[in-house]
Amino acid sequence: MSVGMGQRLAAALAASGATLAVRGALDEDPPGGSRRWTRMNHRGEPVSLLSGPAAAVGLLAGGVIGASSARGAVATGLATTAGATFGLIDDLAEDQDRRAKGLRGHLGALRSGRLTTGALKVLGIGAGALAAAAVATPLRSADGSRRSALGWTADVAASGALIAASANLVNLLDLRPGRALKAVALAAAPMAVAGGAGAGTAAAVVGVASAGLEADLAERDMLGDGGANALGAMLGAAVVLDAPRRVRLALLAGAVGLTVASERVSFTQVIARTPVLRELDAWGRRPAAPAGDESRPA
């Protein structure tokens with residue numbers, strides 16, 4: 001089921017407006033005080049994590065308006081809520097003294113009997129992604145015949161993995177001002193223009209990205225895990241709603257490959273060595289700080 005241009009525009013505007021409104025309200029009265037939401041960025045300067053919950057609210061508002069069906073609205077809501085909730089837990093409750101880095105670090109801690117907030121995030125977002133995929137995946141084929149249980153389950157597993165991998169991948173990009181927001185906007189824009197079943201959801205992603213970009217580039221805000229995981233989860237859900245199986249599987253392979261590569265390769269260094277990516281990444285940002293540690297927990 002396609003989504004009309006008017007609905008897509010409404011989704012983008014609602015997402016953008018809700019993001020800005022909630023961000024302003026949170027600035028007036030930050031839950032737990034502003035210090036709770038302040039972190040140091042790559043320059044060692046304070047930035048706020050409040051854009052994360054603001055982005056999540058914007059995504060949910062735009063996702064409802066842009067949904068092509070009730071099933072689509074529930075699926076994107078589940079994916080986004082899981083990304084935002086478990087991402088915020090990791091943002092606010094992570095043990096800084098026993099900090100595990102990367103997906104491998106969190107899973108290693110889990111194998112040794114220690115549940116980190118990062119591992120909880122992996123499990124929580126994974127469960128939410130599978131639930132979203134189960135809602136989004138129809139039980140019947142296009143001709144109306146009932147699908148086999150095995151085929152439906154395989155599709156749900158692949159789609160759930162894509163949503164979860166997308167959430168993690170966007171979080172991995174949130175290392176420099178504006179990088180994650182530019183990436184999700186560029187990925188979502190073609191879907192939003194195309195008008196397929198996920199177009200309204202993709203338009204909501206574009207709306208949130210446009211609303212948060214100025215403050216992110218100015219280094220007043222950063223998405224944090226809550227905002228980045230929510231954006232990635234909704235982007236993944238839009239693909240699940242829109243793309244045929246072979247495209248979803250190809251994108252899943254790409255997302256998993258990049259995630260595995262991130263354990264050994266710095267995305268920032270790769271971008272710095274690639275002229276087109278370097279120029280796009282630096283657009284709108286203050287001059288780069290001296291090179292340092294690029295690592296960030298998953």
Side-chain angles (χ1 to χ4, degrees), residues 16 19-58 83-84 87-102 105 116-118 121 168-185 208-232 262 265-274 277-298:
S16 177
T19 300
L20 292 172
V22 172
R23 180 64 186 87
L26 289 173
D27 230 5
E28 294 293 326
D29 187 20
S34 60
R35 177 178 292 184
R36 179 175 175 80
W37 297 89
T38 300
R39 297 293 183 273
M40 296 299 167
N41 68 1
H42 66 289
R43 299 179 193 272
E45 299 174 354
V47 293
S48 175
L49 290 172
L50 288 171
S51 67
V57 173
L88 282 171
I89 290 172
D90 198 25
D91 281 333
L92 300 178
E94 182 182 25
D95 185 350
Q96 298 295 321
D97 295 328
R98 303 183 67 188
R99 194 173 182 182
K101 290 185 177 182
T116 65
T117 55
K121 182 180 70 174
N168 184 60
L169 186 57
V170 172
N171 188 44
L172 291 174
L173 292 174
D174 190 32
L175 287 172
R176 289 293 183 267
R179 180 180 294 171
L181 290 173
K182 291 174 188 175
V184 295
V208 168
S210 65
L213 188 59
E214 181 182 358
D216 206 299
L217 287 172
E219 302 185 29
R220 298 190 300 271
D221 283 352
M222 65 178 290
L223 287 168
D225 289 21
N229 281 305
L231 276 162
S262 73
V265 179
S266 164
F267 286 172
T268 294
Q269 291 177 8
V270 172
I271 290 169
R273 292 195 298 263
T274 309
L277 294 178
R278 183 174 63 243
E279 293 302 314
L280 178 61
D281 189 51
W283 173 79
R285 187 191 301 159
R286 292 162 56 192
D293 181 14
E294 307 301 339
S295 61
R296 177 193 177 100

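If you read the sequence from its start, that first residue is 1, and numbering goes on from there.
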Can you confirm whether [X] sits close enough to [Y] that some side-chain heavy atom of one is under 4.5 Å from a side-chain heavy atom of the other?
{"X": "Arg179", "Y": "Asp174", "answer": "no"}
{"X": "Met222", "Y": "Pro177", "answer": "no"}
{"X": "Leu231", "Y": "Leu223", "answer": "yes"}
{"X": "Thr38", "Y": "Ser48", "answer": "no"}
{"X": "Asn229", "Y": "Val170", "answer": "no"}
{"X": "Lys182", "Y": "Leu213", "answer": "yes"}

Shortest non-hydrogen contact from [X] to [Y]?
{"X": "Leu20", "Y": "Ala211", "result": "CD2-O, 3.5 Å"}
{"X": "Ser51", "Y": "Asp221", "result": "CB-OD2, 3.6 Å"}
{"X": "Trp37", "Y": "Leu88", "result": "CZ3-CD2, 3.8 Å"}
{"X": "Leu49", "Y": "Gly224", "result": "CD2-CA, 3.6 Å"}
{"X": "Gly284", "Y": "Leu217", "result": "O-CB, 3.6 Å"}
{"X": "Val184", "Y": "Ala209", "result": "CG2-CB, 4.1 Å"}

Side-chain donor/acceptor of Ser266 to backbone N/O of Gln269, under 3.5 Å: yes
Asp225 side-chain N/O to Asp91 backbone N/O, donor-acceptor pair under 3.5 Å: no
To the nearest 0.5 angstrom, please state how far the [atom1] atom of [X] sits from the [atom2] atom of [Y].
{"X": "Leu175", "Y": "Phe267", "atom1": "CG", "atom2": "CZ", "result": "9.0 Å"}
{"X": "Ser262", "Y": "Leu169", "atom1": "OG", "atom2": "CG", "result": "8.0 Å"}
{"X": "Asp90", "Y": "Lys121", "atom1": "CG", "atom2": "NZ", "result": "4.5 Å"}

Residue pairs, two or more places apart or on separate chains, that pass salt bridge (Lys or Arg N to Asp or Glu O under 4.0 Å) and touch residues 25-38: Arg23-Asp27
Salt bridge (Lys or Arg N to Asp or Glu O under 4.0 Å) contacts in which one or both residues fall within residues 208-219, not counting sequence neighbours: Arg43-Glu219, Glu219-Arg286
Test log, rule salt bridge (charged side-chain N to carboxylate O under 4.0 Å, His left out), inputs Arg176 and Asp281: CA-CA 8 Å; Arg176 289 293 183 267; Asp281 189 51; over 6 Å; no
For Val57, the option from Val22, Val208, Leu26 that meets side-chain contact (heavy atoms from CB on, under 4.5 Å): Val22
